[in-house]
Number of protein chains: 2
Amino acid sequence: MVTIKQMAEMLGVSTTTISNVIHGKTKEVSKETVKRVNELIEACEYVPNINARNLAQNKSKIIGLAIKPRQSKYKKTTKDIFINELTSDIEDYVRKNGYYMMLYISEDIYEIINSVSSWNVDGLILMGMSTDDCIMLKQKFKKPMVFIDSYFDNRVVDYVNVGLDDVGGCHDITKYLIENGHKKIAYIADNCEGCDKYRYLGFRNALIESKIMISDQNFILIQSERNKLGASLEDIFNASKHFTALVCASDYYAVLIMNYLMDKGVKIPEDISIVGFDDNIYAQIVRPHLSTVHQDISEKSKVAVEKLFKMIENESLSEKNTILPTTIVIRNSVKKIAGK
Amino acid sequence: MVTIKQMAEMLGVSTTTISNVIHGKTKEVSKETVKRVNELIEACEYVPNINARNLAQNKSKIIGLAIKPRQSKYKKTTKDIFINELTSDIEDYVRKNGYYMMLYISEDIYEIINSVSSWNVDGLILMGMSTDDCIMLKQKFKKPMVFIDSYFDNRVVDYVNVGLDDVGGCHDITKYLIENGHKKIAYIADNCEGCDKYRYLGFRNALIESKIMISDQNFILIQSERNKLGASLEDIFNASKHFTALVCASDYYAVLIMNYLMDKGVKIPEDISIVGFDDNIYAQIVRPHLSTVHQDISEKSKVAVEKLFKMIENESLSEKNTILPTTIVIRNSVKKIAGK
DNA sequence: TTGAAAGCGCTAACAC
DNA sequence: GTGTTAGCGCTTTCAA
């Protein structure tokens with residue numbers, strides 16, 4: 001591979017000159033020289049060494065995407081359709097901005113911090129971080145960061161995030177159930193933190209608003225670990241007899257449960273109604289077609305990347321914490337029942 | 001951020017010494033010094049500058065994953081579940097080997113070559129390359145490369161690839177259909193190149209073996225472009241009346257078609273049988289459960305990464321072109337019919 | 001309009 | 001055991 005220095009020698013000019021024309025600073029160079037240099041660059045198939053450039057400029061053209069996988073949420077992080085879609089969308093936007101993306105997946109926040117510092121990434125997009133992680137990061141990493149879908153407690157106030165109206169979305173879909181005559185409704189999730197917690201809150205609000213009694217019984221925990229899932233599904237099958245509708249924290253679980261119940265002979269929505277959250281491909285594939293809460297992942301990625309680049313360019317942000325809206329999409333998994 | 005040089009000054013030793021203990025070459029350093037250095041590293045929270053290291057060592061610790069998206073195959077490359085799964089699996093294996101992965105997606109092979117040269121990646125995994133691309137790559141990129149799922153014509157002989165028994169898989173599932181009394185069978189794909197071509201060949205072989213007439217009519221082209229898909233699906237619906245079974249080149253299409261037909265009132269498998277290829281999550285979600293050809297993506301990723309690292313370490317490969325096996329998985333989308 | 005030279009942080013050959 | 005030093009390829013300041 002040719003270097004600038006070699007080309008400089010060939011042409012009998014200085015490296016500065018070559019560098020200048022590479023960077024289009026041609027007003028400082030005579031037309032004649034520009035032409036000769038460009039021709040040589042072409043002929044030699046010169047490719048800049050990014051490492052050298054990064055070192056000299058103390059930057060990297062890398063955007064880090066750091067993900068702390070929720071332990072055992074679904075099986076593997078790599079199989080999580082939401083993360084995969086978000087990741088590839090972000091990569092897409094990053095690349096279109098002339099940067100490269102590097103993925104840092106680790107359960108250890110220190111490892112993440114070390115890696116991104118080592119690579120000297122120009123900015124960071126983060127998912128799955130806790131309040132403690134955020135504090136740590138702010139302390140050790142001094143470049144732009146934007147979080148995705150994060151809820152931090154009040155120990156940290158100043159951070160940039162792009163989230164979703166989890167409360168509203170789940171409220172709306174629950175309300176839709178209620179409007180269809182449902183009163184005995186359960187919420188199903190595999191934990192009660194972050195998004196899932198706020199979705200639960202939305203669910204809860206809707207019931208309370210309609211003066212429907214709510215207790216611990218209305219929250220069903222699904223256990224997604226490989227060896228527990230079967231039993232958990234069976235439990236849900238049994239519990240489901242006490243409800244006329246189920247609101248699931250994600251389409252993934254909605255579809256899993258739907259299929260489990262249907263395979264057991266339960267009719268949906270005749271015997272029980274189900275709704276999900278996300279409106280991903282699962283919701284579109286399953287039959288009956290799943291009614292669910294729609295979120296726009298591509299938009300989420302886009303906003304995150306845009307915010308990050310604004311910060312990198314020292315522009316001011318119109319808002320630190322963007323909450324993207326949700327819409328409910330009505331399909332065929334809910335039955336209208338006579339209020340009892 | 002602290003540098004080696006700074007630490008050397010603080011301790012009054014040379015950078016070599018620091019560098020040595022960082023790299024565990026402690027046999028050349030006195031215990032005393034090692035201890036002092038380690039303590040300082042700890043205290044300063046020293047993080048190596050990878051760019052500098054890469055520059056000095058002329059390597060990068062980066063494995064490039066280069067993908068040339070098949071124009072308009074599905075909507076966006078980023079939504080392709082197969083690519084996403086493969087990508088994240090590869091990333092996983094690469095990271096476990098202490099390397100980093102960088103993604104290079106472009107329809108322009110020159111752009112890809114430039115990028116990976118620029119970053120000085122230590123090895124390359126490639127998908128979606130044509131014979132011409134391969135020739136170009138071999139000419140311009142002198143480091144280890146392994147291709148995935150590639151079929152090249154005989155202009156190129158020496159290359160490392162990990163593929164799949166596309167012919168066998170499609171042959172077996174077609175045979176299964178035939179054994180169930182089906183004679184009027186169509187193959188559906190959105191193109192007739194690469195994998196899809198070889199899958200078609202397997203399909204064809206199975207029919208010929210059983211002395212079933214085959215003509216152009218047996219190949220149905222599905223048009224996946226957004227504005228054509230609807231019409232294409234309608235065409236397939238009409239064409240399907242002439243067949244008792246459909247073998248689809250992917251689960252994605254199998255499910256799409258299944259749902260389209262079912263939404264039109266067609267009963268599956270009673271009215272028509274369908275099988276797919278891949279055995280991905282779609283096949284598991286859809287009802288009736290899809291009978292299909294199973295492939296192990298995780299294994300494919302693993303083999304590709306292993307081959308690459310062997311090449312990087314100058315070990316010899318037991319085989320250049322690995323063809324992973326397929327198995328057929330029988331579920332409920334095929335009906336046994338009385339031969340006519 | 002052009003060039004010399006220092007320096008980015010790290011490695012490694014070699015000398016002490 | 002430890003230090004000196006010359007790069008790696010590129011950018012950039014400053015002088016000519």
Side-chain angles (χ1 to χ4, degrees), chain A residues 1-38 40-41 44-62 100 114-122 143, chain B residues 1-38 40-41 44-62 100 114-122 143:
Chain A
M1 291 199 37
V2 210
T3 68
I4 285 190
K5 197 174 166 194
Q6 288 170 348
M7 294 196 298
E9 277 169 14
M10 292 182 192
L11 247 44
V13 301
S14 75
T15 60
T16 313
T17 304
I18 308 272
S19 179
N20 275 334
V21 353
I22 286 172
H23 291 88
K25 298 181 189 166
T26 57
K27 46 188 116 174
E28 330 221 315
V29 186
S30 76
K31 279 214 172 139
E32 173 58 17
T33 318
V34 171
K35 185 156 167 279
R36 285 172 64 214
V37 172
N38 273 329
L40 187 62
I41 286 178
C44 298
E45 297 183 317
Y46 168 76
V47 176
N49 179 321
I50 296 207
N51 274 313
R53 181 177 289 176
N54 289 346
L55 183 60
Q57 297 189 142
N58 189 33
K59 60 178 190 51
S60 67
K61 283 277 173 183
I62 298 177
Y100 295 84
N114 273 350
S115 294
V116 298
S117 305
S118 230
W119 279 100
N120 199 13
V121 304
D122 292 338
K143 298 197 186 160
Chain B
M1 293 200 37
V2 211
T3 69
I4 285 191
K5 198 174 166 194
Q6 289 169 349
M7 294 197 299
E9 276 170 16
M10 291 182 192
L11 247 43
V13 301
S14 76
T15 59
T16 310
T17 304
I18 306 272
S19 180
N20 275 334
V21 353
I22 286 172
H23 291 88
K25 299 180 189 167
T26 57
K27 45 190 117 174
E28 330 222 313
V29 185
S30 77
K31 281 218 170 134
E32 171 58 16
T33 317
V34 172
K35 186 155 167 280
R36 284 172 64 217
V37 172
N38 274 327
L40 187 62
I41 286 178
C44 298
E45 297 183 317
Y46 167 77
V47 175
N49 180 322
I50 296 207
N51 274 313
R53 181 178 292 176
N54 290 346
L55 183 60
Q57 298 191 142
N58 188 34
K59 59 180 191 48
S60 67
K61 282 280 172 182
I62 297 178
Y100 295 83
N114 273 350
S115 295
V116 299
S117 306
S118 229
W119 280 100
N120 198 14
V121 304
D122 292 338
K143 298 197 186 160

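So you know, we letter chains A, B, ... as the sequences are listed, proteins then strands, and number each from 1. Bear in mind that the values here come from a model prediction, so they are computed numbers and not experimental data.
Shortest non-hydrogen contact noted between B/P48 and A/S118 is O-OG, 2.7 Å.
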For a quick test of your reading: what N or O donor-acceptor pairs under 3.5 Å do the side chains of residues 2-11 of chain A make, sequence neighbours left out?
from, atom 1, to, atom 2, distance (Å)
A/T3, OG1, A/K5, N, 3.4
A/T3, OG1, A/Q6, N, 3.2
A/Q6, OE1, A/T3, N, 3.1

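A/L11 places its CG atom 11 Å from the P atom of C/dT2, with the value rounded to the nearest Å. Per the geometry, CD belonging to A/Q6 stands 13 Å off C1' belonging to D/dC10, to the nearest Å. The CD1 atom of B/I18 sits 17 Å away from the P atom of D/dG1 (whole-angstrom rounding). The nearest whole Å value for the distance from the CG atom in A/N20 to the P atom in D/dT13 is 11 Å.
Within the 4.5 Å cutoff, no side-chain heavy atoms of A/N120 are placed close to those of A/N54. When side chains are defined from C-beta on, A/V47 counts as touching A/M1, because their heavy atoms get closer than 4.5 Å.
The side chain of B/T33 contributes no N or O atom lying less than 4.0 Å from OP1 or OP2 of D/dG1.
Partners of B/N114 by side-chain hydrogen bond (donor to acceptor under 3.5 Å, both in side chains), not counting sequence neighbours: none found. A search for side-chain contact (heavy atoms from CB on, under 4.5 Å) contacts involving A/N38 returns A/V21, A/V34, A/I41, not counting sequence neighbours. Applying the salt bridge (charged side-chain N to carboxylate O under 4.0 Å, His left out) criterion to B/K35, with sequence neighbours excluded, gives B/E39.
Defined by atom type and a distance below 3.5 Å, a donor-acceptor pair is present between the side-chain atoms of B/T17 and B/S14.
In the helix from C/dT1-D/dA16 to C/dC16-D/dG1, the end axes, each obtained as the rotation axis mapping the C1' atoms of four pairs onto the next four within a five-pair block, lie 40° apart to the nearest 10 degrees.
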Treating primed atoms plus P, OP1 and OP2 as sugar-phosphate and everything else as base, which nucleotides of nucleotides 7-16 of chain C get B, S or - for protein heavy atoms under 4.0 Å?
BBBBSBB---

